[in-house]
2 protein chains.
Amino acid sequence: MTTRDKLLDATASLLATDGLAGVSARSIAARAEVNQALVFYHFGTVSELVEAAVRRSVDLAVATYRDRLVDVSSVAELLTLGRELHRTERDRGNVAQMAQVMAGAQRDEALAAAARYAMQQWSREVELALRRLLPGTPLDGAVDPRGLARAVSAGFIGLQLYDGVDPRGAGTALGALDELAALVAALEGLGPVATRAVRSRVRKAAVTPERRKS
Amino acid sequence: MTTRDKLLDATASLLATDGLAGVSARSIAARAEVNQALVFYHFGTVSELVEAAVRRSVDLAVATYRDRLVDVSSVAELLTLGRELHRTERDRGNVAQMAQVMAGAQRDEALAAAARYAMQQWSREVELALRRLLPGTPLDGAVDPRGLARAVSAGFIGLQLYDGVDPRGAGTALGALDELAALVAALEGLGPVATRAVRSRVRKAAVTPERRKS
DNA sequence: GTCTATACAGAGATAGAC
DNA sequence: GTCTATCTCTGTATAGAC
């Protein structure tokens, strides 16, 4: 194992467990069991090391879930997979890394770049799944898959942060999402008649003066 | 205006604009135009000052929206209000403060306490609104209002963080939520027959072996 | 590539005069 | 309550030997 990899691993795990506040050249080097000066030799600055570590974590995580996502055949299954993803990531810490990097992005351009990259990678995969699954449901045509994918991805970040602060509260939140998943599953089974009924109502609602731009 | 209040204001605004990384006894004192040592005289530690500032911000923000929330008479209106809340808070920065504090809570007990308090205050208000509005919709009885309120609140945090990193992407996400709001409005209008149909399907789905505990 | 040593800035926090 | 001065620690980063 190269020093570079040791540093990347140490950074990723520190970021997930202690948050950005616990990440420093010294703490990283200690966990990686290498000399502190090597952080700067290999990555220039601490921020750039964090950026590299997050990019690698995201690439790995997204690649893992890509295979799972293409097997999904309904919105309900997608929600179930999302639930499992949260559980796995709570332990593995990839989403926690994203959350930390997004929070730290306010003052640090390298972190901001990492955060944008991470969101883009996840949103892209979710969007592909949605584009495949929404046709045939009442949501098709009514909701922009691109925007929805981003909303879902961002929502996950928030849930993960909440989980770090109040695991029990986050548990009830996830339970509610399970229940919502069941509801969506039921909607999926309603068939084309109901779908058309819902859609015509959506169209009417879209014309109300409530609608304003961003 | 007392020194205490100057410090609280300065902390809240710094937290919202520069994030936790930009918050220090010196930076706070500079923005408040008071002596640095007064941070410790009045609040003991920087973390405790941040905690106090966030608690105050949350109390103020929640009080503002409490009146608005009791006027809401449908789930669709609730979603519209949520959309407006996001827009307002993007500028005012209350939710950004929460996001920063949640991210920093990993290593700091005072921040963790502030984060839990903030989530609890917001979730409570949303839950009350949901309990009032869900009866009569297909979601009634199918989704735990307590859990849903927390999921929604946490989701907001994620969206706000995302907005700080990629405002355009966050814009499309919010657009999708607008569209979802329209869809829910349509569902609300479907009436008791459809409600019962959906509910019976939900009950069936809830018995499948997919169901596991947290 | 790796190590030691060190410069230097900024952080939290306190003592003591006023 | 407020101010000056200061201590100490931690963090980033670099120089230079190996």
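These values consider heavy atoms only, across backbone and side chains, with no hydrogens, waters or symmetry-generated copies. Computed from a predicted model, the values in this text were never measured in an experiment. Proteins come first, then strands; the chains are lettered A, B, ... in the order of their sequence lines, and each starts at number 1.
Rounded to whole Å, atom P of D/dG11 lies 12 Å from atom CG of A/Leu20. Rounded to whole Å, the distance from NZ on A/Lys6 to C1' on C/dT2 is 11 Å. Taking atom CZ on B/Arg107 and atom P on D/dT10, their separation rounds to 11 Å, with Å as the unit. Per the geometry, CG belonging to B/Leu38 stands 15 Å off C1' belonging to C/dG16, to the nearest Å. We find that CG of A/Asn35 is positioned 16 Å from P of D/dA15, with the value rounded to whole Å. Atom CG in A/Leu49 sits roughly 11 Å away from atom P in D/dA13 (whole-Å rounding). In this structure, CG of B/Asp18 is placed 15 Å from P of C/dG10, rounded to the nearest angstrom. For the pair B/Leu7 CG and D/dG1 P, the interatomic distance rounds to 12 Å; values are reported in whole Å.
Looking at A/Glu109 and A/Arg116, a side-chain N of the basic residue comes within less than 4.0 Å of a carboxylate O on the acidic one, giving a salt bridge. The pair A/Arg87-A/Asp163 does not count as a salt bridge, with every side-chain nitrogen at least 4.0 angstrom from each carboxylate oxygen.
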Restricting both atoms to N or O, compile the protein contacts to nucleotides 11-13 of chain C shorter than 3.5 Å, with distance only.
residue, atom, partner, partner atom, Å
C/dA11, OP1, B/Ser24, OG, 3.2
C/dA11, N7, B/Arg26, NH2, 2.4
C/dA11, N6, B/Arg26, NH2, 3.3
C/dG12, OP2, B/Ala25, N, 2.7
C/dG12, O6, B/Arg26, NH2, 3.2
C/dA13, N7, B/Gln36, OE1, 3.3
C/dA13, N6, B/Gln36, NE2, 3.2

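What you find for B/Asn94 and B/Ser57 is that their closest heavy atoms are OD1-CB, 3.3 Å.
Judged by distance alone, the side chains of B/Ser73 and B/Glu77 do bring a donor and an acceptor atom under 3.5 Å apart. Using modelled atom types and a 3.5 Å distance limit, the side chains of B/Thr45 and B/Glu48 yield a donor-acceptor pair.
If you find the closest nucleotide of DNA chain D to B/Arg4 and to B/Ala37, the one lying nearer the 5' end belongs to B/Arg4.
When the options A/Val70, A/Leu69, A/Leu130 are evaluated for a side-chain contact (heavy atoms from CB on, under 4.5 Å) with A/Glu125, the one that passes is A/Leu69.
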